[in-house]
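A quick write-up on the structure given underneath.
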Amino acid sequence: MTAQSVIKDENVVWHQHTVTKDIRSDLKKQKPAVLWFTGLSGAGKSTIAGALESKLAELGYHTYLLDGDNVRHGLCKDLGFSDHDRQENIRRIGELSKLMADAGLIVLSAFISPHRAERQMVRELLPEGEFLEVFVNTSLDECEKRDPKGLYKKVRAGEIKHFTGIDSEYQQPLNPEIDLPAGIQSIEVLVEQCLEELKVRSII
């Protein structure tokens, strides 16, 4: 069974509730959206997403940040790092992001999510314009220099296999809604770039 397989039962039906996404969004005075931060390990995904969330909270907006490591402590703690498990990890996060957007939130999801097909799968869960792919565009050399978790050092020592960007492929976004030159610009500039895009799209 693939990550996208769906098991249905005729007794399981969707229940339409009275309070809708539009009502929840109007109460929050914002449009729901999922900002999907993708990039190599050490690119700065969680750092930028966290700084953006702090700024949005300061401005009075309602958000939730989903971080790759944090999710694997709970929702996805039963998953490993095989291709199948990585796909299932993204599928679960996609469905969770969709539910949070339905609650009227601005969701910031920070995951390597190396394959275009998986990111497209999440995009297709959401209405047009509600999914924003954010490419944290940091070179492999820069990520390896930073190595905040010491993972690249372990990879080079042969302690970790199938590491994204080294011996496992990372497929860069072809047309991301937001392209952040994270190896060049400051966090403040990158956050401002995200805010401007949210304003242009009337999300905030």
Side-chain angles (χ1 to χ4, degrees), residues 21-22 24-71 90 93-94 96-114 116 118-120 122-123 125-149 164-165 170-204:
K21 178 195 284 189
D22 287 343
R24 299 184 193 104
S25 301
D26 288 345
L27 286 170
K28 294 176 175 64
K29 297 180 175 60
Q30 63 188 39
K31 288 185 179 179
V34 174
L35 280 74
W36 192 274
F37 292 79
T38 177
L40 296 171
S41 177
K45 298 179 297 298
S46 295
T47 300
I48 298 167
L52 176 59
E53 185 181 40
S54 294
K55 187 63 178 178
L56 287 169
E58 181 184 316
L59 295 170
Y61 293 103
H62 300 257
T63 63
Y64 199 88
L65 172 56
L66 294 168
D67 173 82
D69 283 351
N70 291 357
V71 168
I90 298 303
I93 299 309
L96 179 57
S97 297
K98 177 184 176 181
L99 287 172
M100 288 185 162
D102 190 59
L105 297 173
I106 297 171
V107 186
L108 301 94
S109 296
F111 298 87
I112 294 174
S113 46
R116 295 187 190 110
E118 293 164 5
R119 300 193 297 266
Q120 181 64 26
V122 179
R123 182 186 291 274
L125 290 173
L126 297 154
E128 181 72 25
E130 205 165 289
F131 178 93
L132 280 69
E133 189 174 40
V134 184
F135 179 30
V136 183
N137 194 348
T138 309
S139 70
L140 176 60
D141 285 345
E142 178 63 24
C143 291
E144 194 161 358
K145 286 177 186 175
R146 296 176 181 179
D147 203 9
K149 302 175 187 176
T164 303
Y170 177 76
Q171 298 174 343
Q172 293 188 7
L174 298 177
N175 295 292
E177 279 75 12
I178 305 175
D179 191 333
L180 301 177
I184 301 171
Q185 300 285 4
S186 68
I187 296 293
E188 293 75 17
V189 170
L190 299 173
V191 167
E192 190 58 36
Q193 183 178 337
C194 292
L195 289 172
E196 285 303 315
E197 190 64 30
L198 293 176
K199 291 173 184 175
V200 167
R201 294 172 179 272
S202 300
I203 292 170
I204 61 174

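Scope of the values below: all heavy atoms of this structure, side chains included, with no hydrogens, waters or symmetry mates.
Judged as a side-chain hydrogen bond (donor to acceptor under 3.5 Å, both in side chains), and not counting sequence neighbours, E128 has no contacts. Residues satisfying the side-chain hydrogen bond (donor to acceptor under 3.5 Å, both in side chains) test with R116, not counting sequence neighbours, are none. S41 is linked by a side-chain hydrogen bond (donor to acceptor under 3.5 Å, both in side chains) to nothing, counting only residues two or more places apart in sequence or in another chain.
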| message | Evaluate F135 against I178 for side-chain contact (heavy atoms from CB on, under 4.5 Å), listing each step before the verdict. | response | CA-CA 6 Å; F135 179 30; I178 305 175; over 6 Å; no
| query | Hey, mind stepping through R24 and D102 against salt bridge (charged side-chain N to carboxylate O under 4.0 Å, His left out) and telling me if it holds? | reply | CA-CA 8 Å; R24 299 184 193 104; D102 190 59; 3.2 Å; yes
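Note that CG of D67 and NZ of K45 are 9.0 Å apart. Values are rounded to the nearest 0.5 Å.
Listed by first and then second residue, the salt bridge (Lys or Arg N to Asp or Glu O under 4.0 Å) pairs involving residues 181-190 amount to none (not counting sequence neighbours).
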Review item, side-chain donor-acceptor pairs of residues 190-200, under 3.5 Å, at least two apart:
from	atom 1	to	atom 2	distance (Å)
Q193	NE2	D179	O	2.9
E197	OE2	R201	NE	2.8
E197	OE2	R201	NH2	3.3

Show the atom names and distances, to 0.1 Å, of all donor-acceptor pairs under 3.5 Å that link a side chain in residues 30-40 to residues at least two apart or in another chain.
from	atom 1	to	atom 2	distance (Å)
Q30	OE1	H62	N	2.9
Q30	NE2	H62	O	2.9
Q30	NE2	G104	O	2.8
W36	NE1	S113	OG	2.9
T38	OG1	I112	O	2.7
T38	OG1	Y170	OH	2.8

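When all heavy atoms are compared, the tightest approach of L66 to S97 is CD1-OG, 3.5 Å. Across all their heavy atoms, I93 and S109 have their closest contact at CG2-OG, 4.4 Å. The heavy-atom pair separating I48 from A182 by the smallest distance is CD1-CB, 4.0 Å. Residue P127 comes nearest to K21 through the heavy atom pair CG-NZ, 3.8 Å, listed as atom of the first residue, atom of the second, then distance. The two residues L65 and A49 have their closest heavy-atom pair at CD1-CB, 3.6 Å.
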